[in-house]
Asks: 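This is the structure I have questions about; it appears just below.
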Amino acid sequence: MSAVLKDPPQLALMLDEDLAQVLAIENAIYTHPWTHGNFIDSLRAGYDCRTWRQDGELVGYFILMLAAGEAHLLNLSIAARHQRSGQGRALLREAADLARRRGARSVFLEVRPSNLAAQALYTRFGFRRIAVRRGYYPAHSGREDALVFTLALQ
Ligand SMILES: CC(C)(COP(=O)(O)OP(=O)(O)OC[C@H]1O[C@@H](n2cnc3c(N)ncnc32)[C@H](O)[C@@H]1OP(=O)(O)O)[C@@H](O)C(=O)NCCC(=O)NCCS
């Protein structure tokens, strides 16, 4: 029996037509997911919104906002069934490369203190934790802080 060889995932512009699949992943993996309106706002604002598809299947996506030489990674997500197989690291590499090509000197992001998987990904990638934003996120009871991580792109 021969192994099934899959093509590597491809980055593409996120389109309105992708949003049903994007939201299915978003709703499955976050306690406080982005809404349809949040994605539409990002698309309309001209942020760098990308999908990551393998053989047509949506594996993940990211939203990157550029301003004043800094890139802000607003969302980076991998579908549950594709997690822990290197896809998050590969997609983060794509986001950082895009930010660099856009002229950003650094990229920063916020992450929940409870999200140890994401923190491990960012730390292993070379991000440094630089600040805490108090009460940044909604949480089940009240609010949760955000940890701010940054990566120099030179
Ligand atoms: C965080 C997320 C993007 C990681 O994607 P992934 O494809 O599972 O990550 P990878 O397989 O590329 O792992 C890269 C590294 O991240 C770390 N990591 C990823 N998942 C982890 C977990 N569950 N526990 C501990 N470390 C983890 C590891 O250091 C891993 O390297 P290793 O496999 O060599 O040990 C993914 O879990 C996800 O989409 N989570 C839900 C959405 C989310 O939290 N997004 C980030 C918001 S700030």
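Every number for a ligand or one of its atoms is a count from 1 in the order of the listing. Model, not experiment: these values are computed from the prediction.
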Asks: Can you tell which part of N115 has a heavy atom less than 4.0 Å from ligand 1: side chain, backbone, both or neither?
Replies: side chain
Asks: For ligand 1, find out whether one of its N or O atoms is nearer than 3.5 Å to an N or O atom of I29.
Replies: no
Asks: Taking the non-hydrogen atoms of R112, is any one of them nearer than 4.0 angstrom to ligand 1?
Replies: no
Asks: Of A120, A80, P33, which has the heavy atom at the shortest distance from atom 26 (N) of ligand 1?
Replies: A120
Asks: Quick one: which ligand 1 atoms are inside 4.0 Å of a heavy atom on G86?
Replies: 10 (P), 11 (O), 12 (O)
Asks: Would you check if Y47 and L74 make a side-chain contact, meaning some heavy-atom pair closer than 4.5 Å?
Replies: yes
Asks: Could you see which bit of A90 sits under 4.0 Å from ligand 1, with heavy atoms only: side chain, backbone, both or neither?
Replies: neither
Asks: Of all the non-hydrogen atoms in the protein, which one sits nearest to atom 7 (O) of ligand 1, and at what distance?
Replies: G88 N, 2.7 Å
Asks: Ignoring hydrogens and geometry, is there a side-chain-to-backbone donor-acceptor pair from T150 to V107 under 3.5 Å?
Replies: yes
Asks: So, E26 and Y61: side-chain donor and acceptor under 3.5 Å apart, yes or no?
Replies: yes
Asks: Report the member of R124, R89, Q83 with the shortest heavy-atom distance to atom 12 (O) of ligand 1.
Replies: R89
Asks: So, Q54 and H82: side-chain donor and acceptor under 3.5 Å apart, yes or no?
Replies: no
Asks: Tell me, which protein residue and heavy-atom name are nearest atom 4 (C) of ligand 1, and how many Å apart are they?
Replies: L121 CD2, 3.9 Å
Asks: Would you indicate whether the side-chain heavy atoms of L64 and H72 approach each other to under 4.5 Å?
Replies: no
Asks: Is any side-chain heavy atom of R101 closer than 4.5 Å to a side-chain heavy atom of D97?
Replies: yes
Asks: Tell me whether ligand 1 is touched by L109 - counting only heavy atoms on the residue side and a distance under 4.0 Å.
Replies: no
Asks: How far is atom 39 (O) of ligand 1 from the closest protein heavy atom, and which atom is that?
Replies: I78 N, 2.8 Å
Asks: Who's closest to atom 45 (N) of ligand 1 heavy-atom-wise, of V59, L76, N75?
Replies: L76
Asks: Going by the atom numbers of ligand 1, which of them fall below 4.0 Å from some non-hydrogen atom of V111?
Replies: 48 (S)
Asks: What is the closest protein heavy atom to atom 35 (O) of ligand 1, and at what distance does it sit?
Replies: R84 NH2, 3.4 Å
Asks: Salt-bridged, R44 to D16, with N to O below 4.0 Å?
Replies: yes
Asks: Near A118, which atoms of ligand 1 are under 4.0 Å from a heavy atom of that residue?
Replies: 1 (C), 46 (C)
Asks: Establish, from distance only, whether the side-chain atoms of E110 and Y136 form a donor-acceptor pair under 3.5 Å.
Replies: yes
Asks: Using a 3.5 Å cut-off on N or O atoms only, is S77 in polar contact with ligand 1?
Replies: no
Asks: Around atom CZ of R105, are there more than 12 heavy atoms of other residues, nucleotides or ligands at under 6.0 Å?
Replies: no
Asks: Answer yes if L147 and L73 sit in the same cluster of Ile, Leu, Val, Met, Phe, Trp and Tyr residues linked by side chain heavy atoms under 4.5 Å apart, and no otherwise.
Replies: yes
Asks: Do R50 and Q10 have a side chain donor and acceptor closer than 3.5 Å?
Replies: no
Asks: Would you call Y122 a ligand 1 contact, heavy-atom distance under 4.0 Å?
Replies: yes
Asks: Find all atoms of ligand 1 within a distance of less than 4.0 Å from any non-hydrogen atom belonging to E110, and give their numbers and elements.
Replies: 48 (S)
Asks: Would you call the rings of W34 and F39 parallel, tilted or perpendicular if under 30° counts as parallel and over 60° as perpendicular?
Replies: tilted
Asks: Nearest heavy-atom pair of I78 and Q83: which atoms, and what distance?
Replies: O-NE2, 2.8 Å
Asks: Give the numbers and elements of all ligand 1 atoms closer than 4.0 Å to a heavy atom of S85.
Replies: 11 (O)
Asks: Could you tell me the residue and atom name of the protein heavy atom closest to atom 18 (N) of ligand 1, and the distance to it rounded to 0.1 Å?
Replies: A117 O, 3.7 Å
Asks: What residue and heavy atom of the protein are closest to atom 43 (C) of ligand 1, and at what distance?
Replies: Y30 OH, 3.4 Å
Asks: Can you find a non-hydrogen atom of L116 under 4.0 Å from ligand 1?
Replies: no
